[in-house]
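Note sheet for the following structure.
In what follows, every chain begins at residue 1, and chains take the letters A, B, ... in the order their sequences are listed.
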There are 2 protein chains.
Amino acid sequence: MTLDTLPSHQGGAEQLARLLAQALLAGHWQPGDVFPRELDIGKHFAVSRNQVRNALTSLTAAGLLERTAGRGTRVREMGDWHLLDPLMSEWMTGLVNLDPQLVRAIYAFRFSAEPVVAGLAAQAAQAEDIERLESAFAGMESSAGSVKARAEHAEYDVAFHDATYRASHNLVWRQMGYLLRPSIMALIHRSQHRTDTLDDSLARHRQVLDAIRNRDTSSAESAAREVLRRTAIDLGIVN
Amino acid sequence: MTLDTLPSHQGGAEQLARLLAQALLAGHWQPGDVFPRELDIGKHFAVSRNQVRNALTSLTAAGLLERTAGRGTRVREMGDWHLLDPLMSEWMTGLVNLDPQLVRAIYAFRFSAEPVVAGLAAQAAQAEDIERLESAFAGMESSAGSVKARAEHAEYDVAFHDATYRASHNLVWRQMGYLLRPSIMALIHRSQHRTDTLDDSLARHRQVLDAIRNRDTSSAESAAREVLRRTAIDLGIVN
DNA sequence: AGTCTAGTAAATGTCTGACATTTCCACAAG
DNA sequence: CTTGTGGAAATGTCAGACATTTACTAGACT
């Protein structure tokens with residue numbers, strides 16, 4: 001893999017880091033591959049070596065790269081990536097072409113975790129949490145009509161899941177929810193809803209909302225599972 | 001707060017970062033305080049400005065500091081720390097004085113998450129995973145006799161939990177397990193086992209191991225719950 | 001007096017070139 | 001076959017100058 005296929009960039013080291021990180025997240029390099037040298041990167045993007053080094057420092061901190069003096073820069077395998085690093089989260093926002101293996105991993109995580117989180121939410125949710133969930137759900141409903149509002153619908157969908165994590169009233173889960181936002185968004189964008197499946201998705205979300213409102217733990221768990229089953233179908237993971 | 005009370009350091013920017021980070025985690029600075037200037041830090045520790053900048057870059061990435069040109073470096077409030085950042089994890093190793101509120105939050109998270117993880121492990125564990133669990137458990141058993149081996153026992157205990165997360169064969173859970181290592185260690189150190197409770201803890205760990213080995217999902221879940229109940233008792237959260 | 005506007009100091013951010021260190025490889029000596 | 005020695009190539013480090021941002025101060029004008 002060379003740099004040639006990457007789009008040009010504009011601005012500081014952060015932009016460059018984002019660019020390279022997204023290429024890595026999309027699986028453009030294989031683990032173990034040697035990454036381009038600092039000077040080549042600088043030459044290609046017309047930035048100073050400093051900028052390149054700053055960018056590569058970020059990627060290294062996120063576990064994407066491994067750098068050793070004299071040896072060069074290598075791409076680390078996916079198991080070494082710091083998936084919960086906020087940097088990762090940032091880089092994943094807006095990225096649609098995630099590595100399929102990564103998509104499955106994140107989906108599997110959510111499928112195991114989100115029912116538990118919904119259950120906790122049913123136990124711990126307070127008035128403001130319910131409000132957040134309701135307003136997110138209302139947004140999903142209102143933007144369900146037209147196809148043009150797809151982006152808006154996705155926003156509300158993400159907000160709904162984030163609100164669920166927040167409602168668990170646990171610092172760690174809360175942080176997880178924040179970090180998962182871009183991943184969830186990517187999953188949603190991958191699963192192109194048709195209008196009929198969208199109605200079904202809405203209905204399942206509503207059951208989660210109702211279960212939490214009724215403080216029904218086990219219903220919340222199973223309802224969350226149903227939402228994710230719908231997602232799995234839309235993703236083509238299962239049918 | 002000045003730099004004078006900090007111990008001297010030896011080695012590169014990573015050591016310096018660790019030193020400063022632990023001082024911050026210990027609450028030596030209040031949120032909003034101005035952090036010492038680059039040149040002062042460099043002068044105090046006799047390192048180049050480069051090293052200082054590299055260290056401060058790490059602390060900034062972890063959400064501990066906020067730096068703006070012309071303004072200087074400020075200490076961010078605790079709500080802004082990136083709790084799940086691997087750097088944090090590293091810096092927290094060996095720190096015993098965690099905020100009680102944080103201890104409870106982490107325990108609550110583990111109590112909700114770890115049964116699910118154990119269940120996944122029962123479904124996905126392969127030979128090498130079982131081996132890791134067995135060897136960690138064997139270590140716990142062998143170091144259970146003397147009081148002097150407490151540190152060693154804690155190591156094996158942490159290894160056991162880490163092996164459980166790994167056995168789930170999910171990238172996100174695996175990362176989560178890695179990040180929780182220092183927190184788990186802190187919890188273990190807080191819960192001073194007496195010899196009788198230690199036998200009980202061992203027995204419960206053994207049931208998790210057996211359940212995973214037998215691929216019994218629901219047994220693994222309940223066994224993991226029992227392990228954490230034991231932990232809760234030892235922590236004094238419940239009796 | 002109040003307010004706007006240079007102007008200055010101080011801090012972090014950036015660039016550049018040179019040098020240090022590590023790693024790998026080739027090639028020759030023993 | 002082993003060992004060592006040298007060079008090439010990559011990242012790591014340093015030092016200095018300069019750029020940029022921010023906060024503060026001192027006047028000038030209304």
Has the side chain of B:Asn170 got a donor or acceptor atom that lies under 3.5 Å from a matching backbone atom of A:Ala105?
yes
Measure CZ/A:Arg74 against C1'/D:dA9 and give the value in whole Å, please.
13 Å
Tell me which residues in residues 57-66 of chain A put a heavy atom below 4.0 Å from DNA chain C, sorted by number, or none.
none
Report the C-alpha separation of A:Asp162 and A:Arg181 in whole Å, then their side-chain angles, then the decisive distance to 0.1 Å, and conclude whether the side-chain contact (heavy atoms from CB on, under 4.5 Å) test is met.
CA-CA 7 Å; A:Asp162 188 47; A:Arg181 284 184 66 119; 3.3 Å; yes
Only residue of B:Pro182, B:Pro86, B:Ser58 satisfying side-chain contact (heavy atoms from CB on, under 4.5 Å) with B:Trp91 is B:Ser58
Are any side-chain N or O atoms of B:Thr231 and backbone N or O atoms of B:Val227, one a donor and one an acceptor, separated by less than 3.5 Å?
yes
Taken to the nearest whole Å, CZ/B:Arg37 to P/C:dG13 is 15 Å
B:Phe111 atom CZ: more than 12 heavy-atom contacts under 6.0 Å
yes
Separation between CE of A:Met88 and OG of A:Ser183, rounded to the nearest 0.5 Å:
10.0 Å
For the residue pair B:His205 and B:Phe160, categorise the inter-ring angle as parallel (less than 30°), tilted (30 to 60°) or perpendicular (more than 60°).
perpendicular
For the student: nearest non-hydrogen atoms of A:Asp99 and A:Gly27, plus distance:
OD2-CA, 4.0 Å
For each nucleotide in nucleotides 12-23 of chain D, reading 5' to 3', give B when a protein heavy atom comes within less than 4.0 Å of its base, S when such contact involves only the sugar-phosphate, and - otherwise.
BBBS-B---BSS
